Amino acid sequence: MELLKQKIMKEGIVLSGQVLKVDSFLNHQMDPQLMMEMGREFARRFANEGVNRILTIESSGIAPAIMTALVMEVPMIFARKQKSLTLRDDIYVQEVFSFTKQEKNEITIAKKFIKPGDRVLIIDDFLAHGEAAFGLARIAEQAGAVVAGIGIVIEKSFQQGADKLSAAGYRVESLARIASLDNNEVRFVEE
Ligand code: G4P
Ligand code: NA
Ligand code: NA
């Protein structure tokens, strides 16, 4: 998505450790017009997948997910992150390990919000190692739902997440795909 790539080139900052800081429009301050355009683009790409639920994780996934849900006219559910949990039987729980932050979280979704036969579209802001997306997919499948697709704002294609999700059979659509952040420079995948 050209508009997003231009925004990344203009405002993205490459941090050491292969991390792209985009807190001026995605992870801290947010750009609602750009967010809306991203929602339209996800809705367009997944228009024929019969999506009836959008799934994401707090916090930065919520904005692109709600815009997509608004355009597709379906509900959006965000998984909650918790450090550790007293087990309860009315929630789905999956463990997600963050390589970027080197910490383990449990993500939870109330059982009443996903039902067998649902076709869920997973949306997230970043795709790195794919742990968050796999965690959401496992919850959807635990509920008897089908993962209709995975929509990502910024994919770091030089890390393993996108390949692993595709190999597992999921349709992944990323609005910007980054080939490399070497030498403090953003290089996009040629498409
Ligand atoms: P994974 O889910 O693909 O395996 O990613 P990973 O665990 O490595 O990422 C952990 C957190 O770091 C996630 O945010 C993810 O969005 C974010 N992240 C990963 N790489 C980058 C990057 O290059 N730039 C930025 N800005 N974020 C990155 P989170 O912990 O869920 O936090 P939140 O922002 O949603 O609150
Ligand atoms: Na994030
Ligand atoms: Na995220």
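Being a predicted model, the structure only gives us computed values, none of them experimental. In each ligand, atom 1 is the first atom listed, and ligand 1 is the first ligand listed.
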Exercise. Can you name the salt bridge (Lys or Arg N to Asp or Glu O under 4.0 Å) partners of Arg138, sequence neighbours left out?
Worked result: none

Exercise. Just heavy atoms, cut-off under 4.0 Å: does Thr100 contact ligand 1 by side chain, backbone, both, or neither?
Worked result: both

Problem set entry | Basic-acidic side-chain contact under 4.0 Å: Arg53, Asp118 | yes

For this session: Before signing off on this row, confirm whether Ser98 and ligand 1 have an N or O atom pair separated by under 3.5 Å.
Result: yes

Exercise. Can you list every pair that meets salt bridge (charged side-chain N to carboxylate O under 4.0 Å, His left out) and has a residue in residues 173-182, with sequence neighbours left out?
Worked result: Arg45-Glu173, Glu155-Arg177, Arg171-Glu173, Arg177-Glu191

Exercise. Relative to the heavy atoms of Glu58, which atoms of ligand 1 are at a distance of less than 4.0 Å?
Worked result: 35 (O)

Exercise. Does a salt bridge link Glu106 with Lys81, judged by any charged N lying under 4.0 Å from a carboxylate O?
Worked result: no

Exercise. Where the closest heavy atom to atom 21 (C) of ligand 1 is concerned, which of Gln102, Lys156, Glu131 has it?
Worked result: Lys156

For this session: Could you tell me which atoms of ligand 1, counted from 1 in the order shown, lie closer than 4.0 angstrom to a heavy atom of Phe99?
Result: 7 (O), 8 (O)

For this session: For Ala128, counting its heavy atoms only, list the atoms of ligand 1 lying under 4.0 Å from any of them.
Result: 3 (O), 5 (O), 8 (O)

Exercise. Would you say the side chains of Glu11 and Ser24 form a donor-acceptor pair under 3.5 Å?
Worked result: yes

Exercise. Relative to atom 14 (O) of ligand 1, which among Lys101, Gln18, His28, Glu155 owns the nearest non-hydrogen atom?
Worked result: Lys101

Problem set entry | N, O or S atom within Asp124 nearest to the Na ion (ligand 3), by name | OD1

Exercise. Does any N/O atom on Ile57 come nearer than 3.5 Å to any N/O atom on ligand 1?
Worked result: no

Exercise. Does Lys81 have a heavy atom less than 4.0 Å from any atom of ligand 1?
Worked result: yes

Seminar exercise, completed: At under 4.0 Å between heavy atoms, what of Leu181 touches ligand 1? The answer is neither

Problem set entry | Pick from Ala132, Gly130, Ala133: the one approaching atom 3 (O) of ligand 1 most closely through a non-hydrogen atom | Gly130

Exercise. Under a 4.0 Å N-O cut-off, is there an ion pair linking Lys112 with Asp90?
Worked result: no

Exercise. Which residue, Ile150, Asn52, Ile54, forms the side-chain contact (heavy atoms from CB on, under 4.5 Å) with Leu121?
Worked result: Ile54

Problem set entry | Side-chain donor-acceptor contact under 3.5 Å, Gln142 with Gln94 | yes

Problem set entry | the Na ion (ligand 3) to Asp125: nearest N/O/S atom name | OD1

For this session: Just jot down the ligand 1 atoms closer than 4.0 angstrom to any heavy atom of His129, in number order.
Result: 1 (P), 3 (O), 4 (O), 5 (O), 8 (O)

Problem set entry | Donor + acceptor pair across side chains of Ser98, Glu131 (<3.5 Å) | no

